Structures are given as C-alpha cells and as structure tokens.
Amino acid sequence: MEDKGFAHHREIIPPPINQGFIGSCSAVATGQCLSATVQMKFGGPHDPVRRTSVQELTDKTQEAFPNDCYRAVPGEGGFRGFPPETAFEYIKQYGVAVEANHPYCGQRTSTPTPPDSPRIRIQNYNTVIRKTRPPGRDSPDFNIKPIIRKQPIVGVQRVYESLERHREGVYQGAKDDDDAKTAGGHAVVIFGYGTENGQDYYWIQNTWGPEWGDNGIAKVSAHLFIYFVYPDLEGISIQEPGEGSA
C-alpha cells in the first residue's frame, strides 16, 4: 500500500547547490533549509536578497566554533566541516548574510562578508535525536512529521557510497557488505514524507547539485536518519544594514 504522505511545494526550496569536494553538507543543508523557511514566512518569489549565504556558513562557522568541527579530511585544505546544529548556532549568535551579497563558490575562502549586507537572524533552533529503535522502523518516542508539515528541516542520515548512484524509488541504505563499510553522516533538507511498499521515507533535497536524483531531490528511507535540526519559524527575521539585532 502506498501513502502519498505530505510534501511542501518544491518551489519554496532554492535551486539545489553542489557542495563540491569540501565537507560542507551541513552549511548547504542549513542554508537551504533556512532559505525555505524565510520563503514560507515572507512569501513572494525566490530572490537571492532573501536567501541564506551558504558561503558565509562555509567560511565562518569553523572559525567561530573550531572545537565543534570535525577533524580535517586529507585533500580538503584543512576544512573540517561541522554538524548542522553548529551552523544554526552561528546564525543564532551572529546572523548570516544573504546570498546576493556573499554568493556560493564551492570552496572555502577568506573573502569577508560585505558589511552592508542584510542579515537573516533566528532566535532559536531545535535538535531532535532519534533513540534506539527496531531496524526499519521509526522511533516510537516521537513523531517528526508534524514539524515537517509546518516547515522544512535538516536531517542527518547514515550515508553510503551507493547513495551517489541513486536515481529513483526509495533509497534504503547499504547495497552490500562492501557498501556498508562506507557509512558516514550526511546532512540534507527534509521537506516531506510518505510510505511506499510499506517503507517510510522522507523527501529530501541533497547537497550534491541538480545532477543527483531528480534535480537534487529523492526519497530516502526514514530509518536511515539519526537526528533532525530546524529553526523556530516564528523567530526568523531579516535585519537590514544599520538595524539592531532582533
């Protein structure tokens, strides 16, 4: 039996971004999620002057919270990456510039954010961790679906090399024992959910550009997700240059 579930209109999420060869999935997913919530709150057409600067999150989060970042990956120039809750903490404390003033270039830079850029601010964010559960089943201790119906969120999932080749249907995890050895963590935007052939899944926008999946979007089994992070929708604001912090 197939349950079509729920999904926000794809139009509220900005076009997919390719994180490239750096460990910036959390910067991309956090930025895309916040851009979508800004779109939901303020409406109107998508506009880079109201999108989150993924580049600032890539460049500045590690600098602001070095102890919360992952260890360096060989060949990535010392960029260690960080969990999405660290990116949201950066936005909570400092705000983040808009895409129009600090566009994404696919690598970490030392380019300063223009001081006259509007800044998107949040008052708070939430982290929901899944507890131990039977394989293939959602945790019984909470239900994330009402939050997804309210707004897109960031989900952290177990990821395997086979995800790179996924194109259709519900991605269910490791394909074989060798694939299982490639497990890691990966942040994506979740904007819907459903059930297909008895398998619960989330609609995601990945951070690997429009060539992956269906223009960057696919269905991923719910049991692969470890935890979720999302901003308080009511506390989002856009601060114009010269205005005090909200």
Side-chain angles (χ1 to χ4, degrees), residues 16-33 54 57-59 61-62 65-90 104 106-108 127-139 144 152-191 193 199-214 216-230:
I17 292 176
N18 191 339
Q19 71 181 77
F21 295 102
I22 59 175
S24 59
C25 63
S26 289
V28 174
T30 299
Q32 295 288 83
C33 175
V54 170
L57 295 179
T58 301
D59 291 346
T61 303
Q62 177 178 314
F65 303 104
N67 294 330
D68 294 336
C69 295
Y70 307 128
R71 66 170 188 228
V73 177
E76 292 188 356
F79 182 81
R80 292 176 287 173
F82 41 81
E85 60 269 31
T86 302
F88 277 117
E89 183 63 28
Y90 176 87
Y104 188 62
Q107 61 184 3
R108 190 165 185 254
T127 302
V128 180
I129 300 174
R130 298 182 68 170
K131 296 182 179 179
T132 303
R133 63 209 178 280
R137 294 184 58 189
D138 282 331
S139 172
I144 201 72
I153 64 176
V154 175
V156 176
Q157 66 171 97
R158 290 187 297 277
V159 66
Y160 307 90
E161 284 186 0
S162 57
L163 183 64
E164 298 178 11
R165 302 184 296 274
H166 180 69
R167 291 294 179 269
E168 59 184 9
V170 178
Y171 179 75
Q172 300 187 39
K175 303 299 183 183
D176 51 41
D177 290 343
D178 288 339
D179 193 24
K181 295 176 184 178
T182 67
H186 182 54
V188 298
V189 179
I190 298 175
F191 65 94
Y193 59 84
Q199 177 68 64
D200 291 339
Y201 66 82
Y202 296 128
W203 280 108
I204 73 159
Q205 183 192 61
N206 207 345
T207 65
W208 296 343
E211 293 79 15
W212 182 87
D214 177 12
I217 287 171
K219 295 179 283 190
V220 172
S221 177
H223 82 272
L224 293 175
F225 284 82
I226 305 165
Y227 70 97
F228 312 91
V229 192
Y230 57 95

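The structure displayed is predicted, hence computed values, not measured ones.
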- Message: Applying side-chain contact (heavy atoms from CB on, under 4.5 Å), can you list everything that pairs with Ala29, at least two apart in sequence or on another chain?
- Response: Val154, Ala187, Val189, Thr207

- Item | Side-chain heavy atoms of Phe191 within contact of Cys33, under 4.5 Å | no

- Heavy-atom distance under 4.5 Å between the side chains of Tyr201 and Trp203, does that happen here? yes

- Check whether any side-chain heavy atom of Asn18 sits under 4.5 Å from a side-chain heavy atom of Trp212, and report yes or no. no

- Message: Is the distance between the ring centroids of Tyr202 and Phe225 under 6.0 Å?
- Response: yes

- Message: With heavy-atom distances below 4.5 Å as the criterion, would you say the side chains of Gln199 and His223 are in contact?
- Response: yes

- Item | ring pair (Phe, Tyr, Trp, His ring centres under 6.0 Å) against Tyr230, all qualifying residues, sequence neighbours excluded | none

- Looking at Val28, Val229, Leu57, which one forms a side-chain contact (heavy atoms from CB on, under 4.5 Å) with Pro84? Val229

- Query: If we only count heavy atoms from C-beta on, is the Val188 to His186 side-chain gap below 4.5 Å?
  - Reply: yes

- Determine whether Gln19 and Thr58 make a side-chain contact, defined as any pair of heavy atoms from C-beta on separated by less than 4.5 Å. no

- Evaluate the side-chain proximity of Ile17 to Trp208: yes if any heavy-atom separation is below 4.5 Å, no if none is. no

- Residue set satisfying side-chain contact (heavy atoms from CB on, under 4.5 Å) with Asp177, at least two apart, ordered chain then number -> none

